[in-house]
Amino acid sequence: MARISYIDESKHPELKELAGRIAGIRGGLINIYKLLLHSPTVAMTWFEQISAIRWKTKLSPRLREIAIVRIASAANYAYALNQHVPRIAVADGVTLEECAALKDWRASKFFNEAERAALAYVDAIIAGPHVPDDVFNAVRKHYDEREVVELTVLAGTYIMHNRVFTALRVDVEPAKG
């Protein structure tokens, strides 16, 4: 059960426009936004950050989903796993078998050399802020500076999500098929 109440936007006419904008893009108002609407500026900033890092980058949808599902798997982050697997990840070219393999991607038969370099980079970011030079150099062999920046911010964003969702105990919505 969430530690903070969810806003019922129908009871807050001052939030109608913002809630409608978020719901229109998201296909509904998910729990995190119902909670974040306690602070409209934070809710909007969060929404804009997610929209930018998810849909306005040079990263391929497949790479983006591999990174998100890896972070969610490594952190046992049920909310993101529920939102992304299978609906978003599969639509973006990551099979269910690959999603499952991301829990232990090094031992899997999946993922090409560039994806493995990105996964090692994401794992280094998960482990702490200092990324070893060899890991960084490996990711740079496959991705340009813009892509490295975007992958780094994507990883940081989803690590932040995990911290916020976990601290506030945001309830997982029923899985969407």
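All figures in this text were calculated on a predicted structure; none of them were measured in a lab.
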Checklist entry - Would you say R140's side chain and Y143's backbone share a donor-acceptor pair under 3.5 angstrom? => result yes
Checklist entry - Between NZ of K58 and CD of E145, what distance do you get to the nearest 0.5 Å? => result 10.5 Å
Checklist entry - Is there a donor-acceptor pair under 3.5 Å between the side chain of S108 and the backbone N or O of W105? => result yes
Next on the checklist: Going by the rule side-chain hydrogen bond (donor to acceptor under 3.5 Å, both in side chains), which residues pair with E17 if we only count those two or more places apart in sequence or in a different chain?
Outcome noted: none
Return a table of donor-acceptor pairs under 3.5 angstrom between the side chains of residues 66-79 and protein atoms on other chains or two or more places apart.
{"residue": "R70", "atom": "NE", "partner": "D123", "partner atom": "OD1", "Å": "2.7"}
{"residue": "R70", "atom": "NH1", "partner": "L102", "partner atom": "O", "Å": "2.8"}
{"residue": "R70", "atom": "NH1", "partner": "K103", "partner atom": "O", "Å": "3.0"}
{"residue": "R70", "atom": "NH2", "partner": "D123", "partner atom": "OD1", "Å": "3.2"}
{"residue": "R70", "atom": "NH2", "partner": "D123", "partner atom": "OD2", "Å": "3.3"}
{"residue": "S73", "atom": "OG", "partner": "V69", "partner atom": "O", "Å": "2.9"}
{"residue": "Y79", "atom": "OH", "partner": "E173", "partner atom": "OE1", "Å": "2.7"}
{"residue": "Y79", "atom": "OH", "partner": "E173", "partner atom": "OE2", "Å": "3.1"}

Item to check | Reported CG-to-CZ distance for the pair N82 and R87, which is rounded to 0.5 angstrom | outcome: 8.5 Å
Checklist entry - Does the N31 side chain pair with the main chain of D171, one donor and one acceptor, at a distance under 3.5 Å? => result yes
Checklist outcome for this item: When D134, V139, D133 are each screened for side-chain contact (heavy atoms from CB on, under 4.5 Å) with N137, the one that passes is D133
Checklist entry - Are side-chain heavy atoms of L37 and H12 found at a separation under 4.5 Å? => result no
Next on the checklist: According to side chain to side chain contact (heavy atoms under 4.5 Å, CB included), who are the partners of E9, at least two apart in sequence or on a separate chain?
Outcome noted: A19, L29
Checklist outcome for this item: Here the pair of heavy atoms bringing A43 nearest to I22 is O-CD1, 4.4 Å
Next on the checklist: Under the rule for ring-ring contact (aromatic ring centres under 6.0 Å, His included), what residues qualify as partners of H142, not counting sequence neighbours?
Outcome noted: none
Item to check | Minimum side-chain heavy-atom gap I25-F47 below 4.5 Å | outcome: yes
Next on the checklist: Can a donor-acceptor pair be found, under 3.5 Å and without considering hydrogens, that links the side chain of R116 to the backbone of F110?
Outcome noted: yes
Item to check | Pairing residues for R163 by the side chain to side chain contact (heavy atoms under 4.5 Å, CB included) criterion, not counting sequence neighbours | outcome: I159
Checklist entry - Short question: side chain of R169, backbone of R3 - any donor-acceptor pair under 3.5 Å? => result no
Checklist entry - Do the rings of H161 and F165 sit parallel, tilted or perpendicular, given the 30° and 60° boundaries? => result parallel
Item to check | Close side-chain approach of V148 to F136, heavy-atom, < 4.5 Å | outcome: yes
Next on the checklist: Do E98 and E115 have side chains that approach each other closer than 4.5 Å (heavy atoms only, starting at C-beta)?
Outcome noted: no
Checklist outcome for this item: So OG1 of T57 and CG of L63: to nearest 0.5 Å the spacing works out to 8.5 Å
Checklist entry - Roughly how far, to the nearest 0.5 Å, is CD1 of I126 from OH of Y121? => result 12.0 Å
Checklist entry - Tell me, which pairs form a side chain to side chain donor-acceptor pair (under 3.5 Å) where one or both residues lie in residues 33-47, sequence neighbours left out? => result S5-H38
Next on the checklist: Counting C-beta onward and ignoring hydrogens, is there a side-chain heavy-atom pair between R54 and I88 closer than 4.5 Å?
Outcome noted: yes
Checklist entry - Is the shortest distance from a Lys or Arg side-chain nitrogen in E150 or R64 to a carboxylate oxygen in the other one below 4.0 Å? => result no
